[in-house]
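One structure is given below, encoded as structure tokens.
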Amino acid sequence: MTDSGLTAAAERLCLQNFGNGVFIRGIVEFSNVCGCDCLYCGIRKSCRNVSRYTMNRAEILSAVRAGYEAGIRSFVFQSGEASVYAVDDFCRIIEAVHRQCGEAVAVTLSVGERCGREYRRLFDAGADRFLMRFETANPRVYALNHPGRSLESRLEALHTLKEIGYETGTGFLIGIPHEEPDDFELNLETLIAFRPHMVGVGPFVPAPQTPAAAFPPGPFEKVLQAYSRIRLALPKVNLASVTALDSLVPQGRYKALRAGANVYMPNLTPPDFRRRYRLYEKKSAADAFSDWPRVLEEEMKRFDRRPLWNEIGTSPMMDEPGGGIKRPEISPVMTASER
Ligand code: SAH
């Protein structure tokens, strides 16, 4: 199939399954403190020029209130990988989010690898979804990009999340530094075999003052191709159009809605903090203006889509028998040269 045939088929399938409504998730980047040194990341531990912050409980709840008033019923709390809050305190914040909103909202965490016990306690406190990309399914490339970490432990953590009962999202970084020619296929294969409930796949975008600053960004066309193939393989998955797309082409995030994506994630982080959560260059500020919900609505209309305000947007894949758990696929898939 040609690329345009592929994206058209993916869009058709997406419309069949979800109609023209797009699920909305408000993201709150609550801390940029990080103990990891991922080569490509603008908030890696070794980036000395980053002004570090952690939003306090009141600041987090106030960002949630603003999002709630705009019609958001699904919140993503993202941070670096550091225990900036003791588990108990973090649990209290999650409970407070639910209490403050009153009606049902979804709480998604994107805080990286933690132990199973911690995942369980956060789940019991009301975190019902978790996003964590495996970044690359090539163990060598993984190790090069993530000093001191392994693909195996990342995948193990993803399976633990699924077993606990989280609605689980994962994905990879297209054009991750040191990527090998077969990796795109390997990444797709690994992602699809995991049967995630949600998917977040994005392009690598260089971040200044990182060891990856001189690597080329992941090509936009390849991201669209990935979205289309993922939609065709997992018709009911919640597939996010990620923020980094706006750094590659104008309106990149809206364009991806025409290639199979059905989720859009406005940024709710207050401007002072948002400026300091720079994972990569030219990070979109599209949602930084007070009238962003209206702009979002208008822009989506131009792409024949509409935001689904006041909806939690649970992944239809949660209804699959066993929630899609397939434990035997746990080991990292071998790369071609290792087979
Ligand atoms: N600490 C959490 C959240 C990480 S930030 C975790 O480990 O899951 C969320 C995502 O941003 C990462 O998974 C990574 O894929 C992406 N990211 C980081 N640096 C990037 C860059 N330079 N370009 C594009 N995406 C990047």
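Numbering of ligands and ligand atoms starts at 1, following listing order. The basis for the numbers below is simple: all heavy atoms, side chains too, and nothing from hydrogens, waters or symmetry mates.
- Ranking protein heavy atoms by distance to atom 13 (O) of ligand 1, first place goes to Glu135 OE2, 2.6 Å.
- In terms of protein heavy-atom proximity, atom 24 (C) of ligand 1 is nearest to Pro203 O, 3.2 Å.
- Each of the atoms 1 (N), 7 (O) of ligand 1 lies under 4.0 Å from some heavy atom of Glu81.
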Query raised in the report: Should Arg276 and Glu29 be marked as a salt bridge (charged side-chain N to carboxylate O under 4.0 Å, His left out) after you check the CA-CA gap, both sets of side-chain angles, and the distance that decides it?
Result: CA-CA 10 Å; Arg276 296 189 255 166; Glu29 298 153 337; over 6 Å; no

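- In terms of polar-atom proximity, Tyr40 is counted as a contact of ligand 1, with an N or O under 3.5 Å from an N or O of the ligand.
- With a 4.0 Å cut-off on non-hydrogen atoms, Gln78 touches ligand 1 through its side chain and not its backbone.
- Residue contacts with ligand 1, taken as heavy atom pairs separated by less than 4.0 Å, involve Arg154 solely via side-chain atoms from C-beta onward.
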Requested in this report: Could you walk me through whether Glu281 and Ser247 pass the side chain to side chain donor-acceptor pair (under 3.5 Å) test, one step at a time?
Outcome: CA-CA 7 Å; Glu281 233 167 350; Ser247 309; over 6 Å; no

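- In terms of polar-atom proximity, defined here as any N/O pair under 3.5 Å, Val205 does make such a contact with ligand 1.
- Figure legend: cation-pi geometry between Arg25 and Phe75 absent, as NZ or CZ is not positioned both under 6.0 Å from the six-membered ring centre and within 45° of its axis.
- Contact annotation for Cys38 and ligand 1: no heavy atom of the residue comes within less than 4.0 Å of the ligand.
- In this structure a side-chain-to-backbone donor-acceptor pair under 3.5 Å is missing from Arg129 to Thr108.
- Note: an N/O pair closer than 3.5 Å links Arg133 and ligand 1 by distance alone.
- Residues Ser31 and Thr54 have side chains that bring a donor and an acceptor to within less than 3.5 angstrom of each other.
- For Ser110, no nitrogen or oxygen atom sits less than 3.5 Å from a nitrogen or oxygen atom of ligand 1, counting backbone and side chain alike.
- Heavy-atom contacts of Leu173 reach the following atoms of ligand 1: 15 (O), 24 (C), 25 (N) (cutoff under 4.0 Å).
- In this structure, Lys222 satisfies the cation-pi test against Phe184, with its NZ or CZ atom closer than 6.0 Å to the six-membered ring centre and inside 45 degrees of the ring normal.
- At least one donor-acceptor pair closer than 3.5 Å links the side chain of Thr170 to the backbone N or O of Phe134.
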